[in-house]
Student: 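I have a structure I would like to understand better, so I am pasting it below and will then ask my questions one at a time.
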Amino acid sequence: MTNNSVRLFIGQLVSQTCDKMMSVGLVWMFTEQYPTWVIPAFLGVSALPHLLLAWSAGRWTSRLGTVRTLVSTDAFRGGVFTLLALAWSRIAWPAAVLFGVSLVANLASALFNPAVMSAPVALVEAGQVQRLTALLESCFSIGTVVGPLIAALLYPHVGLAGLFLFNGLSYLGAALMESGLHPTSDTTDQPTLRSPREVLAADGVVAVLLAGFLASNLFLTPMTVIMPLYARGVFHGTISTLAVLEMCFGGGTIVGGLSMAARHVSKIGRQITFGMIWVALAWLGFTASPALGIGAICLAFLGYFLSTTNVLSMTVFQQRLPAPDVPTLMSLVNLISVACLPLSMLVMGALAPHFDIRTLALGCALGLLIATGGVVARRDVRVL
């Protein structure tokens with residue numbers, strides 16, 4: 001790996017793990033001390049900056065430059081959470097402060113996310129873009145698995161203030177690592193930057209793959225509700241059953257990301273088509289599973305192929321567009337990732353009183369299967 005890859009990987013692995021650790025602590029605190037409506041409200045406030053800045057964040061990132069965006073946003077978030085940790089014991093209205101801090105911190109996150117998803121284009125040679133993208137995907141996957149485990153160990157001893165401090169220091173550490181990055185290409189001071197609509201109109205393949213990414217998020221995001229309900233109602237298990245399902249899915253995503261970092265894929269279109277079909281079939285297999293063992297295996301396959309497909313799709317986005325337009329497209333990717341959670345939860349909440357969970361889950365799986373068929377039917381995607 002290049003020096004740029006090592007620096008970015010280490011910084012993001014630590015900061016993503018600590019951020020997930022803090023998020024788990026926050027949700028647990030809200031669960032213990034506040035009414036149930038507070039958690040979805042908090043998630044909605046957290047998503048608001050991403051929705052507001054989606055159409056401009058990418059162009060701002062291009063003008064500022066990838067490295068400067070990464071360093072400034074991580075340093076800003078690190079300062080916010082470090083100050084919050086130091087002042088936590090003196091805060092009279094913690095919930096109100098947390099809502100405000102989340103709003104402010106996610107203003108920086110709305111700029112950071114398109115920048116980090118665009119970083120491989122600016123930091124490594126073209127032949128290494130897929131590998132660095134896969135390493136970053138692995139950071140997110142590892143953080144999702146390891147962060148909650150660390151939170152469970154530390155929260156009883158250090159409380160929420162301690163988790164804030166660890167998170168703040170991890171952001172500052174990531175900013176320090178990123179300050180040593182040296183771009184291989186310069187995307188700043190571009191005379192003209194296209195709007196998201198113009199970027200999509202210029203390349204039909206990119207538009208189709210982004211539509212597939214949207215469908216995948218819409219039909220897979222309900223997994224956060226479906227998985228615990230299957231663990232309890234379908235597999236007749238306990239919280240340990242849910243932990244098994246979560247670990248199988250998370251383990252699959254980690255292995256998928258690391259496998260993409262270890263090898264170079266030449267026929268990307270064929271691999272994307274293959275991966276998307278397996279994602280849809282694995283999701284359908286889980287929703288129709290009669291037993292825990294089958295469901296766990298399906299989730300492991302789902303995590304693996306979802307991770308590999310995401311890496312390859314991001315690689316296409318990064319390599320088919322001019323470098324200054326990549327952050328603009330990645331701002332749309334970030335928007336889809338953030339917005340699909342509340343949208344899917346709204347739909348699930350409206351349908352849940354009228355249908356049992358297995359029917360809803362099968363509906364999601366069939367919807368993904370149909371959407372996948374629409375994407376892989378495109379010859380211009382298969383021949384990439």
Side-chain angles (χ1 to χ4, degrees), residues 36-37 39-40 43-44 47 51 144 207-237 241-250 252-253 256 272-310 313 332-333 335-378 381:
T36 54
W37 62 266
I39 293 177
L43 295 176
L51 304 180
T144 300
V208 171
L209 287 179
L210 190 66
F213 183 74
L214 172 61
S216 175
N217 274 266
L218 282 174
F219 292 116
L220 284 175
T221 298
M223 183 190 304
T224 57
V225 173
I226 291 171
M227 203 181 296
L229 293 177
Y230 260 55
R232 185 186 63 186
V234 177
F235 301 138
H236 308 292
T241 307
L242 176 59
V244 169
L245 296 177
E246 293 277 6
M247 290 179 65
C248 287
F249 177 72
T253 63
I272 289 176
T273 300
F274 181 77
M276 289 185 70
I277 292 172
W278 268 105
V279 165
L281 291 177
W283 186 216
L284 180 62
F286 172 77
T287 60
S289 296
L292 174 62
I294 297 174
I297 293 171
C298 288
L299 283 180
F301 276 102
L302 175 60
Y304 177 85
F305 286 107
L306 183 63
S307 180
T308 58
T309 303
N310 282 343
S313 297
L332 296 181
V333 172
L335 173 63
I336 289 171
S337 300
V338 173
C340 281
L341 177 60
L343 179 59
S344 293
M345 294 302 99
L346 182 65
V347 174
M348 288 290 289
L351 295 178
H354 309 289
F355 300 94
D356 64 78
I357 188 59
R358 189 181 281 277
T359 301
L360 290 175
L362 285 170
C364 290
L366 291 174
L368 180 59
L369 194 61
I370 293 170
T372 297
V375 175
V376 301
R378 292 285 298 261
V381 171

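Heavy-atom basis, side chains included; hydrogens, waters and symmetry copies ignored.
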Student: To the nearest 0.5 Å, what is the distance between CG (Leu306) and CE (Met276)?
Tutor: 10.0 Å

Student: Rounded to the nearest 0.5 Å, what separates atom CE in Met247 from atom CG in Leu245?
Tutor: 11.0 Å

Student: Measure across Leu368 and Ala215 and return the closest heavy-atom pair with its distance rounded to 0.1 Å.
Tutor: CD1-O, 4.2 Å

Student: Mind checking whether Val234 and Leu229 have side chains closer than 4.5 Å, heavy atoms only?
Tutor: no

Student: Which pairs pass side chain to side chain donor-acceptor pair (under 3.5 Å) with one or both residues in residues 349-370, sequence neighbours excluded?
Tutor: Asp356-Thr359

Student: Please state whether the rings of Phe305 and Trp278 are parallel, tilted or perpendicular, taking 30° and 60° as the class boundaries.
Tutor: parallel

Student: Hey, could you give me the CZ/CG distance between Arg232 and Leu242, rounded to the nearest 0.5 Å?
Tutor: 11.0 Å

Student: Determine yes or no for a side-chain-to-main-chain donor-acceptor pair under 3.5 angstrom, with Ser337 supplying the side chain and Val333 the backbone.
Tutor: yes

Student: Quick check: do Thr144 and Thr253 have side-chain heavy atoms less than 4.5 Å from each other?
Tutor: no

Student: Please determine whether side chain to side chain contact (heavy atoms under 4.5 Å, CB included) holds for the pair Ile272 and Val375, giving the CA-CA distance in whole Å, both sets of side-chain angles, and the decisive distance to 0.1 Å.
Tutor: CA-CA 10 Å; Ile272 289 176; Val375 175; 6.0 Å; no

Student: Could you tell me whether Phe235 atom CZ has more than 12 heavy atoms of other residues or ligands within 6.0 Å of it?
Tutor: yes

Student: What do the steps show when you test Asn310 against Phe213 for side chain to side chain contact (heavy atoms under 4.5 Å, CB included), and what is the final call?
Tutor: CA-CA 8 Å; Asn310 282 343; Phe213 183 74; 3.9 Å; yes

Student: Evaluate Leu299 against Leu302 for side chain to side chain contact (heavy atoms under 4.5 Å, CB included), listing each step before the verdict.
Tutor: CA-CA 5 Å; Leu299 283 180; Leu302 175 60; 4.0 Å; yes

Student: Roughly how far apart are Leu362 CG and Ile357 CD1, rounded to 0.5 Å?
Tutor: 10.0 Å

Student: Measuring from atom SG of Cys298 to atom CZ of Phe249, what distance do you get when rounded to the nearest 0.5 angstrom?
Tutor: 13.0 Å

Student: Quick one: side chains of residues 279-287, donor-acceptor pairs under 3.5 Å with protein atoms, not counting sequence neighbours, listed by atom name and distance.
Tutor:
{"residue": "Trp283", "atom": "NE1", "partner": "Phe219", "partner atom": "O", "Å": "3.1"}
{"residue": "Thr287", "atom": "OG1", "partner": "Trp283", "partner atom": "O", "Å": "3.3"}
{"residue": "Thr287", "atom": "OG1", "partner": "Leu284", "partner atom": "O", "Å": "2.8"}

Student: Of the non-hydrogen atoms in Ala47 and Val338, which two are nearest, and what is the gap between them?
Tutor: CB-CG1, 3.4 Å

Student: So, taking the atom named CG in Leu292 and the one named SG in Cys248, what distance separates them when rounded to the nearest 0.5 Å?
Tutor: 8.0 Å

